[in-house]
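One is the number of the first residue; the rest follow in order along the sequence.
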Amino acid sequence: MFKKIEKESFYYGSSVALMTTKDPNTNKDNITVISSTWTLGKTIVVGLGLENKGFSNLTIGSEATFNIADSTIWKKIERIARTTGEKTIPEYKTREGYTYFSDKFKLGGFTKILGADVSSVRIKDCSIQIETTIT
């Protein structure tokens, strides 16, 4: 069961966040694994690489969902951790073992559900899903 809540501030701890974005040009959904996030009131601060598909999607769109993972899905996260949705892989990512994979939902075994208020999808496997508009 999902419950929509509105809060002045929201603290979810130090979990891994799976940011979902939609490529406005292709309408494809993407997952970006993020290990560095925190909140300041209603603002989420995110450590995000500039050469990944999630960032690229946000430069041409403005919606994202932060799906907060818990320890029960760590194996799914590991399956997608060294993948990128960007066909052109920077040299430093190639050295770190990254590979291109167009459907991280399928690779990780994640269940996709429609966003309630934004175009980016949510991940059903995560009990906390924060829909956002990027400014």
Side-chain angles (χ1 to χ4, degrees):
M1 179 179 84
F2 295 97
K3 181 179 179 181
K4 183 176 180 176
I5 61 172
E6 293 286 334
K7 295 183 56 90
E8 286 302 312
S9 62
F10 188 58
Y11 301 100
Y12 49 81
S14 59
S15 301
V16 169
L18 302 173
M19 181 180 76
T20 52
T21 55
K22 184 174 294 293
D23 183 330
N25 296 324
T26 64
N27 210 35
K28 287 189 177 184
D29 299 306
N30 185 66
I31 303 173
T32 303
V33 180
I34 301 175
S35 62
S36 178
T37 70
W38 64 93
T39 60
L40 298 168
K42 287 191 169 188
T43 300
I44 298 175
V45 180
V46 181
L48 183 61
L50 303 179
E51 294 184 20
N52 66 47
K53 187 63 177 170
F55 180 78
S56 174
N57 288 347
L58 291 176
T59 63
I60 53 178
S62 63
E63 296 177 335
T65 300
F66 293 91
N67 302 273
I68 309 304
D70 64 29
S71 62
T72 63
I73 63 170
W74 72 270
K75 287 181 182 178
K76 292 181 176 197
I77 295 168
E78 287 298 320
R79 284 186 216 133
I80 68 167
R82 295 244 186 247
T83 62
T84 179
E86 197 67 65
K87 288 183 182 179
T88 305
I89 305 172
E91 178 59 34
Y92 77 93
K93 280 190 172 185
T94 301
R95 283 193 309 270
E96 292 177 17
Y98 279 78
T99 57
Y100 167 73
F101 204 88
S102 64
D103 189 349
K104 295 181 194 179
F105 286 90
K106 183 177 179 180
L107 180 64
F110 294 106
T111 304
K112 187 187 302 189
I113 54 178
L114 292 176
D117 295 314
V118 298
S119 63
S120 55
V121 296
R122 296 177 288 154
I123 299 175
K124 186 176 182 179
D125 313 74
C126 297
S127 58
I128 299 173
Q129 302 139 1
I130 307 165
E131 295 182 336
T132 63
T133 301
I134 308 301
T135 57

Approximate separation, where rounding is to 0.5 Å, of [X] [atom1] and [Y] [atom2]:
X	Y	atom1	atom2	result
Y100	T83	OH	OG1	10.5 Å
I68	F66	CD1	CZ	8.0 Å
T37	I130	OG1	CD1	7.5 Å
F105	L18	CZ	CG	9.0 Å
T32	F55	OG1	CZ	11.5 Å

Practice task
List the atom of L58, the atom of A64, and the distance in Å for their closest heavy-atom pair.
Solution key: CD2-CB, 4.1 Å
Problem - Closest non-hydrogen atom pair, N27 against K22 - result: OD1-CD, 3.0 Å
Problem - V16-Y98 co-clustered via ILVMFWY side chain contacts under 4.5 Å - result: no
Does some side-chain heavy atom of [Y] sit less than 4.5 Å from a side-chain heavy atom of [X]?
X	Y	result
Q129	I123	no
M19	L48	yes
D103	F110	no

Completion exercise
Quick note, side chain to side chain donor-acceptor pair (under 3.5 Å) partners involving residues 52-76, not counting sequence neighbours, are T20-N67, T21-N57, D23-K53, E63-S119, T65-S120, D70-T72, K76-D125
Problem - For I60, the rest of its hydrophobic cluster, which grows through side-chain links under 4.5 angstrom - result: none
Handout entry: Hydrophobic cluster (4.5 angstrom, side-chain heavy atoms) - remaining members for V118
Key = none
Fill in the blank from the handout: E131 meets the side chain to side chain donor-acceptor pair (under 3.5 Å) criterion, sequence neighbours left out, with none
Practice task
Applying side chain to side chain donor-acceptor pair (under 3.5 Å), name anything that partners D117, two or more places apart in sequence or on another chain.
Solution key: K4
Listing, residues 85-94 side-chain donor-acceptor contacts under 3.5 Å, not counting sequence neighbours, or none:
| unit_1 | atom_1 | unit_2 | atom_2 | d |
| --- | --- | --- | --- | --- |
| K93 | NZ | E51 | O | 3.3 |
| T94 | OG1 | P90 | O | 3.3 |

Handout entry: Short side-chain to backbone donor-acceptor contact, K104 and I31, under 3.5 Å
Key = yes
